[in-house]
Amino acid sequence: CISDDQLSQNTDKILPMILSSIDDSFSECVRSAGCDAILNFIRRSKDDIKYFENIYSTMKDRLNDNILSIRVKSVEILT
């Protein structure tokens, strides 16, 4: 677990790893965990608006995922 300050200071390192896991085409459990991580990131981040375009684009692609739970998580994240 990291603090909110650590999250803010390391967003440029953390966010690309999360988004990469969401794009993993081979492992549904990695995509699912990535969706949980991005939701947690959005809830805790103080300045996530500057990353909105990257987050939105990645999550929009997951709306077509073949796994229902990932599609549902994507809708939750986008709303």
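All residue numbers refer to positions in the sequence shown, counting from 1.
For Thr79, the side chain to side chain contact (heavy atoms under 4.5 Å, CB included) partners at least two apart in sequence or on another chain are Val75.
In this structure, the side chain of Thr11 engages the main chain of Leu7 through a donor-acceptor pair within 3.5 Å. Under the 3.5 Å distance criterion, the side-chain polar atoms of Arg31 are left unmatched by any main-chain donor or acceptor of Ile22. No side-chain donor-acceptor contact under 3.5 Å links Asn10 to the backbone of Lys13.
Counting only heavy atoms from C-beta outward, the side chains of Asp65 and Ser74 never approach each other to under 4.5 Å. A 4.5 Å side-chain heavy-atom check between Ser27 and Asp24 finds at least one atom pair inside the cut-off.
Note that the CD1 atom of Ile77 and the SG atom of Cys35 stand 4.5 Å from one another [nearest 0.5 Å]. The structure places CG of Asp4 at 11.0 Å from CD of Gln9, a figure rounded to the nearest 0.5 Å. Atom CG of Leu15 and atom CZ of Phe41 lie 4.5 Å apart (nearest 0.5 Å). Atoms CD and CD1, on Glu28 and Ile67 in that order, are 3.5 Å from each other to the nearest 0.5 Å.
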Extract all donor-acceptor atom pairs below 3.5 Å that involve side chains of residues 50-59 and protein atoms in other chains or at least two apart in sequence.
| unit_1 | atom_1 | unit_2 | atom_2 | d |
| --- | --- | --- | --- | --- |
| Lys50 | NZ | Asp47 | OD2 | 3.4 |
| Tyr51 | OH | Asp12 | OD1 | 2.9 |
| Thr58 | OG1 | Asn54 | O | 3.0 |

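Across every non-hydrogen atom of Arg71 and Leu63, the tightest pair is CD-O, 3.1 Å. For the pair Ile18 and Gly34, the tightest heavy-atom approach, listed with the atom from each and the gap, is CG2-O, 3.6 Å. Across all their heavy atoms, Ser3 and Arg44 have their closest contact at C-NH2, 3.3 Å.
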Yes or no on salt bridge (Lys or Arg N to Asp or Glu O under 4.0 Å) for Glu76 and Arg43, after CA distance, side-chain angles and deciding distance?
CA-CA 12 Å; Glu76 181 182 0; Arg43 288 178 176 159; 3.4 Å; yes
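Through chains of ILVMFWY side-chain contacts below 4.5 Å, Val72 is grouped with Leu68.
In terms of hydrophobic clustering, with Ile, Leu, Val, Met, Phe, Trp and Tyr side chains grouped at heavy-atom distances under 4.5 Å, Ile70 and Ile42 are assigned to different clusters. Residues Val30 and Ile38 do not share a hydrophobic cluster, defined by chaining ILVMFWY side chains whose heavy atoms lie under 4.5 Å apart.
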